[in-house]
2 protein chains.
Amino acid sequence: MPKDTFFNLPDDKRERIIEAAIDEFAQRSFHDARVTAITNQAEIAKGSFYQYFEDKKDLFKHIIEIAVGKKIEYVNQDMMQNMQDYGFFQLLRELYLSGVRFAKEHPRLVAIGMQLLSNQELYYEVFGTHAEKSYAFYEDLLRKGMADGELDPAIDIVLASRLLTMFNYALVDFVYEDGKVDLDDMAIIDKMLYIVENGIKRR
Amino acid sequence: MPKDTFFNLPDDKRERIIEAAIDEFAQRSFHDARVTAITNQAEIAKGSFYQYFEDKKDLFKHIIEIAVGKKIEYVNQDMMQNMQDYGFFQLLRELYLSGVRFAKEHPRLVAIGMQLLSNQELYYEVFGTHAEKSYAFYEDLLRKGMADGELDPAIDIVLASRLLTMFNYALVDFVYEDGKVDLDDMAIIDKMLYIVENGIKRR
DNA sequence: ATACAATGTGACTATAGATTCATATGAATG
DNA sequence: CATTCATATGAATCTATAGTCACATTGTAT
């Protein structure tokens, strides 16, 4: 956690530091990211940085917390409160939608997340509990859908939860690296959900 | 490309270097990987390394070429030769199967590939053409399946090709990080294909 | 106004790691 | 044997960066 001095800072300076950090971590892996680049861009002295943070990792963890917070803002809060009122595929659609909106509006945070995904050690240190929560959430969703008779009883819930997570990544990836797939977001989400629902086999 | 001196080396020394490099690159990202660790493990002098390779990237590219070559060995060659004789889902099953067998037997190469996936710049420099080939291959497969009437005509081929690639990653990931999902490989592949074919909706 | 605390500063230190280079070794050639 | 060529070596160089520290400035309470 950043030191108190950091939270005592005038808002604009604190924000400059956060902005600079997001820029740097979005472009480079944790190890490659340079404290110097951050202090330069934020126009603070190197020494000041260490008044605010224990070290580079301390700042990084803080950025991840910010990203997680922002991400949560994007999921439909009404939906989360009144899950019973939504069907499984409606819920899934809302979730994917929020993921896409988030990626569109915070591409740098998505980039940081992607990076983190590939650094196992850091990932578990920084993100472990969040990740588990996310899997558990999908599993609960699937179990509920199954109980309500919306889902094929033959599917394996654990496996399906991983696949739904993967689909979410795939979706974010399409939107994030724009131009790769050339459809508007809604159309992508709908086509994707169609495949999740029905598979690709002719019937 | 490594220098001639490298290819002139006695087999056992050359292999020691490759082994050490695979070990190091499997554990650390390209940037984090240390030439020193490789020369130490291979028991060659630091200077010798630069007799064999232009630089660290030169070796890395070579390792990727080796991995790609090994990966290709694992796909059923009979299948590749006689595609017409296989149905779409049979072909897909064979492909996934080869992916899983490869991951089981060469976990370090898989780890290197995973790492690479997350370094856009390096990825395109080292792997770009391979990746495009892989997408194109799935697209062709889907087009053929569509033409043969095995697939739902409503699905978007480009999107589906990305999803099939994602499924492949998911599969490798399950097998690779063993214990995460607790089913034997065949069962995972079959359950996964079931979802690809039919979706998860109750019918 | 004075003193004490909190914050700011950037030159300095420490470390790690890639790459180079002068020199050594040894095998092949004439 | 002397010379040349290919290869081996590790100390030295170079570069990049994280993190520290002694001192400077600012803010605040009495």
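Order of the sequence lines fixes the chain letters, A, B, ..., with proteins taken first and strands second; residue numbering starts at 1 for each chain.
- A:Lys13 comes within contact range of the sugar-phosphate backbone alone, with a heavy-atom separation under 4.0 Å but no base atom that close.
- Listed pair B:Lys56 / C:dA18 meets the phosphate criterion, a side-chain N or O lying under 4.0 Å from OP1 or OP2.
- For A:Tyr50 and D:dG19, the shortest distance from a side-chain N or O to OP1 or OP2 is below 4.0 Å.
- Judged by distance alone, the side chains of B:Tyr52 and B:Asn8 never bring a donor and an acceptor atom under 3.5 Å apart.
- Under a 4.0 Å N-O distance rule, the pair A:Arg108/A:Asp23 qualifies as a salt bridge.
- Residue A:Tyr52 is in sugar-phosphate contact alone, with no base atom involved, counting any heavy-atom pair closer than 4.0 Å across all strands shown.
- Contact annotation: B:Thr36 side-chain N/O to C:dA18 OP1/OP2 distance is under 4.0 Å.
- Between the CD atom of A:Gln51 and the C1' atom of D:dA22 there is a distance of 13 Å, given to the nearest Å.
- Among the heavy atoms of the strands lying under 4.0 Å from A:Thr5 are primed sugar atoms or P, OP1, OP2 only; no base atom is included.
- Put simply, CD on A:Glu54 is 13 Å from C1' on D:dT20, counting in whole angstrom units.
- As rounded to whole Å, 12 Å separates atom C1' of C:dG10 from atom CG of A:Asn40.
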- Query: What's the verdict on ring-ring contact (aromatic ring centres under 6.0 Å, His included) for A:Phe167 and B:Phe167, showing C-alpha distance, side-chain angles and the deciding distance?
  - Reply: CA-CA 9 Å; A:Phe167 270 88; B:Phe167 270 89; 5.3 Å; yes
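- With 3.5 Å as the limit, one finds no donor-acceptor pair spanning the side chains of B:Tyr50 and B:Asp55.
- To the nearest angstrom, P of C:dT23 lies 20 Å from NZ of B:Lys46.
- Taking atom CZ on A:Phe53 and atom P on C:dG8, their separation rounds to 12 Å, with Å as the unit.
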- Item | Criterion ring-ring contact (aromatic ring centres under 6.0 Å, His included) on A:Phe7 and A:His62, from CA distance to verdict | CA-CA 12 Å; A:Phe7 296 109; A:His62 183 58; 5.8 Å; yes
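- At whole-Å resolution of the value, CG in A:Leu59 and C1' in D:dG19 are 14 Å apart.
- One can place CG of B:Asn8 at 16 Å from P of C:dA27, the figure rounded to the nearest angstrom.
- Residue-level contact check: A:Ala37 touches neither bases nor backbone, having no heavy atom under 4.0 Å from any strand.
- Picking from D:dA8, C:dG8, D:dA18 the nucleotide with the shortest atom distance to the side chain of B:Ser48 gives D:dA8.
- Among the heavy atoms of the strands, none lies under 4.0 Å from A:Lys3.
- Of the listed nucleotides (D:dA8, C:dG17, D:dT17), C:dG17 has the atom at the smallest distance from the side chain of B:Arg34.
- Protein atom CZ of A:Arg28 is 11 Å distant from nucleotide atom C1' of D:dT17, rounded to whole Å.
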